[in-house]
Enquirer: 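Submitted below is the structure of interest, expressed as structure tokens.
Reckoned from all heavy atoms, side chains included, excluding hydrogens, waters and symmetry mates. Predicted, not measured: the structure shown is a model, and the values here were computed from it. Both counts, for ligands and for their atoms, begin at 1 and track the order of listing.
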Amino acid sequence: MTLQQKVQAQFQAAFGAAPAFIVRAPGRVNLIGEHTDYNDGFVMPLAIARATYIALRPRADGIVKAISLDMRQRRAFALDALQPPTAPAWSDYLGGVAWALQERGYVLKGWDGVISGDVPIGSGLSSSAALELAAARAFYCVSNFEWAAVPMALACQAAENEWLGVNCGIMDQLISAAGIEDRALLIDCRSLELQAVPLPAGTVVVILDTNTRRGLVDSKYNERRQQCEAAARHFGAAALRDVDAGAFAARAQELDPITRARARHVISENARVLNARAAMLANDAETLGKLMIASHISLRDDFEVSSPALDAIVDCANDDPNCFGARMTGAGFGGCAVALVRAAAADSFAERLRACYRSASGHEAAIAITRASRGAETVFP
Ligand code: ADP
Ligand code: MG
């Protein structure tokens with residue numbers, strides 16, 4: 001049974017009627033451009049084939065009644081009595097999206113809904129953005145407003161930042177809103193301009209989950225953000241986006257070694273994303289792979305957000321002749337890596353990687369060969 005069929009059947013069972021709409025919004029993986037989004041820089045994510053689905057019907061009374069099949073819980077809230085959460089639960093993602101949309105002047109109606117997804121939770125593929133964009137799409141279906149990817153993504157980011165208290169950039173929400181089949185998207189995180197970029201012919205994107213998760217990621221993330229802001233201030237720049245390699249080299253010695261290394265990562269990573277775009281437009285998998293390998297080294301040594309498990313899985317991937325390049329992806333300290341692999345050899349790559357990573361780390365990898373999918377959409381009717 002597909003996820004769409006599952007939420008449809010469970011909606012029928014829970015509410016005794018067929019849903020009026022079914023919506024989906026995908027998770028994402030970032031090909032290159034890590035920790036650049038909050039520096040007003042460039043990222044290159046793709047929406048993945050895994051997504052969160054909501055089957056729903058409108059309500060006339062301004063109430064949202066939602067069932068999460070994955071959490072096995074039912075929750076209800078009134079759109080005119082939203083309370084900021086002290087300890088956020090899954091339903092606060094729905095409430096947060098409602099709050100952010102209403103703050104922006106959207107007039108919302110309520111709904112009954114059944115939710116389920118196959119984006120793994122907390123592994124760095126952004127199940128939170130998938131849930132937020134699916135919720136925004138649900139409100140769009142029952143209310144009467146225009147859908148546009150950028151304002152929807154901004155509202156969902158505001159929900160995550162201001163309602164849930166998670167300090168994320170715009171990448172996750174924007175790619176979940178605006179993904180395009182078989183394309184990665186170059187996002188300029190300052191202008192929010194998007195450019196669809198093809199993946200090299202004959203390659204697939206493979207997500208390598210280390211099956212390790214680390215605590216304290218939030219505090220380390222906030223510390224990195226502060227270090228980047230301090231470095232930008234030193235250069236008199238609004239953000240590290242505005243500092244190029246030449247300007248950095250001229251004054252890098254004035255920075256303390258840690259701040260210098262953090263800035264060097266961000267500045268070099270922005271350049272790698274633009275070089276990656278050129279390589280992809282030239283259908284050059286070799287160069288794209290080399291940029292991914294350089295990105296990992298920079299994240300490991302300069303930004304210091306990798307982990308032994310991430311290094312082990314990336315090394316296993318990069319040792320395989322059918323892998324053009326692999327790197328950690330997402331905030332780091334655990335979670336997933338991403339690899340660009342020869343499509344014809346993807347299955348044997350996965351098999352070898354599993355064995356290599358097991359003997360190097362003692363953990364089992366979870367491997368997903370994925371394609372680039374569409375962003376948030378209504379799939380029924
Ligand atoms: P991720 O890296 O997957 O985005 P987060 O911690 O940011 O991890 O978000 C995960 C949270 O999002 C979950 O704890 C839950 O509250 C919510 N969530 C995501 N997917 C679902 C789902 N299918 N059903 C209910 N809640 C979900
Ligand atoms: Mg998240």
Enquirer: Between the side chains of Glu364 and Arg358, is the shortest nitrogen-to-carboxylate-oxygen separation below 4.0 Å, so that they form an ion pair?
Expert: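 A salt bridge is present here (some side-chain N lies under 4.0 Å from a carboxylate O).
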
Enquirer: What do we get for Ala130 next to ligand 1 when only non-hydrogen atoms under 4.0 Å count, side chain, backbone, both or neither?
Expert: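 Ala130 to ligand 1: no contact under 4.0 Å from either part.
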
Enquirer: Could you tell me whether Arg241 and Asp188 have a side-chain N and a carboxylate O separated by less than 4.0 Å?
Expert: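 A salt bridge links Arg241 with Asp188.
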
Enquirer: Could you check whether Asn30 and Thr329, counting side-chain N and O atoms only, form a donor-acceptor pair closer than 3.5 Å?
Expert: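 On atom types as modelled, these side chains do not qualify, holding no pair under 3.5 Å.
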
Enquirer: May I ask you to identify the nearest protein heavy atom to atom 25 (C) of ligand 1, giving residue, atom name and distance to one decimal place in Å?
Expert: Ser68 OG, 3.4 Å

Enquirer: Please check if any side-chain donor atom of His35 sits under 3.5 Å from a side-chain acceptor atom of Glu269, or the reverse.
Expert: no

Enquirer: In terms of atom number and element, which parts of ligand 1 are under 4.0 angstrom from non-hydrogen atoms of Gly124?
Expert: 2 (O)

Enquirer: Going by the order shown, which atoms of ligand 1 are within less than 4.0 Å of some heavy atom of Leu131?
Expert: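 Result: 17 (C), 18 (N), 26 (N), 27 (C).
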
Enquirer: Aromatic rings Phe145 and Tyr140: how do their planes relate, parallel, tilted or perpendicular, breaks at 30° and 60°?
Expert: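 Taking Tyr140 first and then Phe145, their aromatic rings stand perpendicular (interplane angle over 60°).
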
Enquirer: Any N/O/S of Ser128 under 2.8 Å from the Mg ion (ligand 2)?
Expert: yes

Enquirer: Is the shortest distance from atom 16 (O) of ligand 1 to a protein heavy atom below 4.0 Å?
Expert: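 Yes, because at least one protein heavy atom sits under 4.0 Å from atom 16 (O) of ligand 1.
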
Enquirer: For ligand 1, is Gly27 a contact, meaning one of its heavy atoms is under 4.0 Å away?
Expert: no

Enquirer: Can you pull out the closest protein heavy atom to atom 7 (O) of ligand 1? Residue, atom name and distance to 0.1 Å, please.
Expert: Ser128 OG, 3.1 Å

Enquirer: By number and element, which atoms of ligand 1 are closer than 4.0 Å to a non-hydrogen atom of Tyr93?
Expert: 9 (O), 11 (C), 12 (O), 16 (O), 17 (C)

Enquirer: Between the side chains of Ser373 and Arg24, is a donor N or O closer than 3.5 angstrom to an acceptor N or O?
Expert: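 Yes.
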
Enquirer: How far is atom 26 (N) of ligand 1 from the closest protein heavy atom, and which atom is that?
Expert: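 Looking at atom 26 (N) of ligand 1, the protein heavy atom closest to it is Trp90 CB, 3.2 Å.
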
Enquirer: Would you say ligand 1 has an N or O under 3.5 Å from any N or O of Ser127?
Expert: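 Min N/O separation from ligand 1 is below 3.5 Å for Ser127.
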
Enquirer: Out of Ile121, Asp218, Leu125, who is nearest to atom 13 (C) of ligand 1 when you count heavy atoms only?
Expert: Ile121

Enquirer: Would you say the rings of Tyr221 and Phe333 are close, in the sense that their centroids are separated by under 6.0 Å?
Expert: no

Enquirer: Should Ser116 be counted as touching ligand 1, given the test is an N or O pair under 3.5 Å?
Expert: no

Enquirer: Count the heavy atoms belonging to other residues, nucleotides or ligands that lie under 6.0 Å from CG of Leu281, then report whether that count exceeds 12.
Expert: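 Count over threshold, so yes.
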
Enquirer: Assess whether atom CG of Asp347 is packed by more than 12 heavy atoms of other residues, nucleotides or ligands within 6.0 Å.
Expert: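 Check fails, neighbour count at 12 or below.
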
Enquirer: Mind checking whether Gly122 has an N or O less than 3.5 Å away from an N or O of ligand 1?
Expert: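 Yes; the residue has a nitrogen or oxygen that sits under 3.5 Å from a nitrogen or oxygen of the ligand.
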
Enquirer: Compute the ring centroids of Phe21 and Trp111, then answer whether they are less than 6.0 Å apart.
Expert: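 No.
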
Enquirer: For atom 22 (C) of ligand 1, what is the nearest protein heavy atom, given as residue, atom name and distance?
Expert: Asp70 OD2, 3.7 Å

Enquirer: Out of all atoms in ligand 1, which are within 4.0 Å of some heavy atom of Pro120? Include the element for each.
Expert: 3 (O)

